[in-house]
Protein chains: 2
Amino acid sequence: MARSKVGIKDVAVAAGVSVGTVSNVVNRPEVVAAATRVRVQSVIDELGYVRDGSARQLRSGTSRTMALLVLDLANPFFVDVARGAEQAAQEAGLQLITCNSGQRVDTESAYLAMLTEQRVRGVLLSPVDTCGERLARFRRGGIPHVFVDRTVPAGEACSVAVDDVAGGELAARHLVESGHRHIAFVVGPRILAQCRDRETGVRNALAAAPAPKRRLSVLDAPALDVSSGRDAGARLLGMSPRPTAVFCANDLLALGVLQALVAADVRVPDEMAIVGYDDIEFAGAAAVPLTSVRQPAARIGHTAAELLIAETSDRDGVPHEHETVVYMPELVVRASTQVRRR
Amino acid sequence: MARSKVGIKDVAVAAGVSVGTVSNVVNRPEVVAAATRVRVQSVIDELGYVRDGSARQLRSGTSRTMALLVLDLANPFFVDVARGAEQAAQEAGLQLITCNSGQRVDTESAYLAMLTEQRVRGVLLSPVDTCGERLARFRRGGIPHVFVDRTVPAGEACSVAVDDVAGGELAARHLVESGHRHIAFVVGPRILAQCRDRETGVRNALAAAPAPKRRLSVLDAPALDVSSGRDAGARLLGMSPRPTAVFCANDLLALGVLQALVAADVRVPDEMAIVGYDDIEFAGAAAVPLTSVRQPAARIGHTAAELLIAETSDRDGVPHEHETVVYMPELVVRASTQVRRR
DNA sequence: CTCCCCGGTTAATACGTTTCAGCTGGTTCG
DNA sequence: CGAACCAGCTGAAACGTATTAACCGGGGAG
């Protein structure tokens with residue numbers, strides 16, 4: 001079991017052949033004579049030779065793995081994005097590695113630095129902040145990348161996203177049409193474009209609503225997760241006058257708010273309606289099934305990966321045109337906004 | 001913006017020093033004179049030089065990244081494991097990449113092959129099947145690895161797991177003590193040791209229960225996910241006589257079963273009690289908050305990563321002792337098994 | 001018979017880095 | 001005054017692979 005360092009050279013001498021031939025057996029079997037091929041292959045199996053990715057990549061200059069760097073893997077939305085991207089990568093014969101920045105800028109740039117050093121084929125990127133200096137440096141680094149769940153000025157890079165302004169409008173309009181006059185919006189860190197855009201959508205919808213004037217209360221949450229949602233829910237309960245409906249910037253926040261309401265015996269939706277965002281699988285299974293704004297998560301990942309693959313395949317001479325894909329969100333109405341049998 | 005290929009050599013000539021000096025500036029700044037250091041560094045910044053990971057690793061022979069290969073990233077339990085592992089890696093100055101086998105054997109071995117070629121420092125592994133030939137080949141490959149959420153015969157490798165038999169017992173005993181006579185167990189693919197062990201625990205608990213004899217119905221689910229849970233829930237509803245309690249091999253299944261019950265207007269826990277496994281965050285936020293068996297997910301990941309790091313740090317000459325860590329699960333009782341104000 | 005081509009193989013080179021032995025000029029010690 | 005040393009730097013040798021030009025023996029075309 002001499003597992004120490006068997007290289008192409010060892011295989012070559014053991015098979016009585018040159019290293020070039022061994023390389024051919026591994027990478028282009030069709031060019032080597034059948035007899036030689038099986039002999040070399042059997043030596044490879046016997047010795048347990050595995051080619052060395054570093055040397056291979058150093059020599060060839062290109063990698064066969066791409067990366068997905070997401071904002072928050074604890075959010076099932078991004079897990080679905082990853083699933084879609086993984087499938088597209090697999091279809092193209094590439095490997096995908098997933099990295100999680102956890103909404104932290106420094107973790108994000110650490111990963112970007114590592115991926116740059118590794119010379120990955122490309123990166124699918126859902127960055128914390130589009131404007132930061134660290135991100136700009138990465139982009140100057142010349143590694144192909146596609147923005148995911150985030151748009152970017154046309155021509156700068158490919159991007160695949162959902163119209164978050166429209167999504168915010170969708171949610172707020174639904175609440176307005178359900179007769180709510182005082183609506184709360186629980187928003188995450190404003191550094192996230194998603195949060196800013198959804199807020200814009202909410203304000204648009206309220207401004208466009210027919211008289212009478214609606215009131216909007218905005219509650220800030222420090223992060224887009226369940227425990228921040230619980231906090232926000234507690235604050236919501238303390239408000240006076242209390243809003244009759246709440247829209248949350250994502251489903252994790254909404255689930256947290258819901259927990260706080262249920263714990264305080266506030267009836268949903270009778271006393272407080274709730275709308276979430278993302279329509280993660282758990283939204284429909286919640287204490288009160290959540291009305292939510294659905295995004296085609298897996299398709300976003302799949303499309304983004306396809307764009308990246310297109311960008312990194314050498315189309316000899318043909319220059320790459322950056323492309324921007326924007327999907328439209330869709331409102332899924334459930335019990336959390338439907339007053340039952342009056 | 002000539003982003004094409006700036007290597008250490010380009011930096012060297014631009015700064016008027018030798019390549020060795022540039023390498024030192026990057027890797028051991030303390031050995032080079034301050035004046036030279038700042039000059040070289042400024043050239044590096046200006047040219048946007050990034051050292052090449054492949055060449056670096058090829059030369060030095062060791063990698064600074066380790067990998068985590070999980071069974072199912074859609075299960076928040078594994079996301080927590082990843083979080084713990086990531087933290088431990090970061091503490092040791094290593095990078096962690098996460099790969100998702102999605103409970104598919106072929107995807108798993110594709111990732112293992114890639115990680116082997118890449119010569120990663122080590123792999124944290126929660127395999128689909130401990131016995132398969134493909135896994136055996138990987139293990140012969142000599143890449144250090146630690147099993148996660150899965151025990152392995154002592155001495156073969158390190159492993160960090162939770163006592164699943166005890167967990168199954170915990171859940172079943174709780175239901176027995178709540179007075180249930182006919183219990184259903186929704187189990188996932190038996191190829192997963194977790195499923196087998198939890199079933200063993202259930203049978204142990206029932207065998208050990210005082211008279212009268214309890215009845216056990218086992219329902220097979222094709223996968224450990226929510227939609228399989230919904231299917232199982234539908235089958236459960238069709239049973240006659242119908243069990244009065246159901247224990248699910250994980251929380252995703254339990255949430256699916258719960259959805260099916262709620263949709264059919266079956267009251268939980270009055271008509272049907274439910275126990276899940278993993279105590280994921282969403283279990284407490286479900287339609288009826290779920291009683292569940294909690295596992296210390298983040299700690300599992302953290303400990304496993306620490307073991308791997310210990311195994312791969314050269315303790316000059318001291319041979320590595322494989323270690324097995326087993327945590328005990330804990331029952332968290334919630335509304336899904338507590339009949340309310342009778 | 002010569003020439004050329006062809007399938008199959010070899011030997012050499014380059015990829016970008018790290019490392020290490022050695023060179024330099026200057027300073028301190030005996 | 002010479003020897004020994006020092007900091008700071010240089011230059012070349014690997015690391016394991018993919019690639020390419022060259023080589024070789026034999027068979028078909030001319």
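Quantities reported herein were computed from a predicted structural model and do not represent experimental measurements. In what follows, chains are A, B, ... by sequence order, proteins preceding strands, each numbered from 1.
Inspection of the A/Glu86 and A/His302 side chains reveals no N or O donor paired with an N or O acceptor under 3.5 Å. In this model, no donor atom of one side chain and acceptor atom of the other lie less than 3.5 Å apart for B/Arg150 and B/Ser159.
Here D/dG16 presents its P atom at 16 Å from CD of B/Gln118, a figure rounded to the nearest Å. Between the C1' atom of D/dT20 and the CG atom of A/Asn27 lies a distance of 15 Å, rounded to the nearest Å. Summarising the geometry, the separation between OH on B/Tyr49 and P on C/dG16 is reported as 10 Å, rounded to the nearest angstrom. As rounded to whole Å, 11 Å separates atom P of C/dC15 from atom NZ of B/Lys5. Atom CD1 of B/Ile8 and atom P of C/dC15 are 14 Å apart (whole Å). Atom P of nucleotide C/dG7 and atom CG of A/Asn24 are separated by 14 Å, given to the nearest angstrom. Distance, B/Lys9 NZ to C/dT18 C1': 13 Å, rounded to whole Å. C/dT17 atom C1' lies 13 Å from atom CD1 of B/Ile44, rounded to whole Å.
Of the candidates C/dT19, D/dT10, C/dT10, D/dT10 carries the atom nearest the B/Val17 side chain, counting heavy atoms from C-beta on. Of the candidate nucleotides D/dG11, D/dT20, C/dT10, D/dG11 has the atom lying nearest to any side-chain atom of B/Ser18. Nearest nucleotide to the side chain of B/Arg51, out of C/dT17, C/dT9, D/dG8: C/dT17. Here D/dG8 is the nucleotide among C/dA11, D/dA18, D/dG8 with the atom lying nearest to any side-chain atom of B/Thr36.
Residue-level contact check: B/Gly7 touches the backbone only, with heavy atoms under 4.0 Å from sugar-phosphate atoms and none from bases.
Checked by atom type and distance alone, the side chain of B/Ser126 pairs as donor or acceptor with a backbone atom of B/Leu71 at under 3.5 Å.
Remark: A/Asp52, A/Ala55, A/Arg56, A/Arg59 in residues 52-60 of chain A come within less than 4.0 Å of DNA chain D through at least one heavy atom.
Looking at A/Asp45, A/Leu47, A/Val40 one by one, the single match for side-chain contact (heavy atoms from CB on, under 4.5 Å) with A/Val43 turns out to be A/Leu47.
Ionic pairing of A/Glu117 and B/Arg64 is not present here: no N-O contact between side-chain nitrogen and carboxylate oxygen is shorter than 4.0 angstrom.
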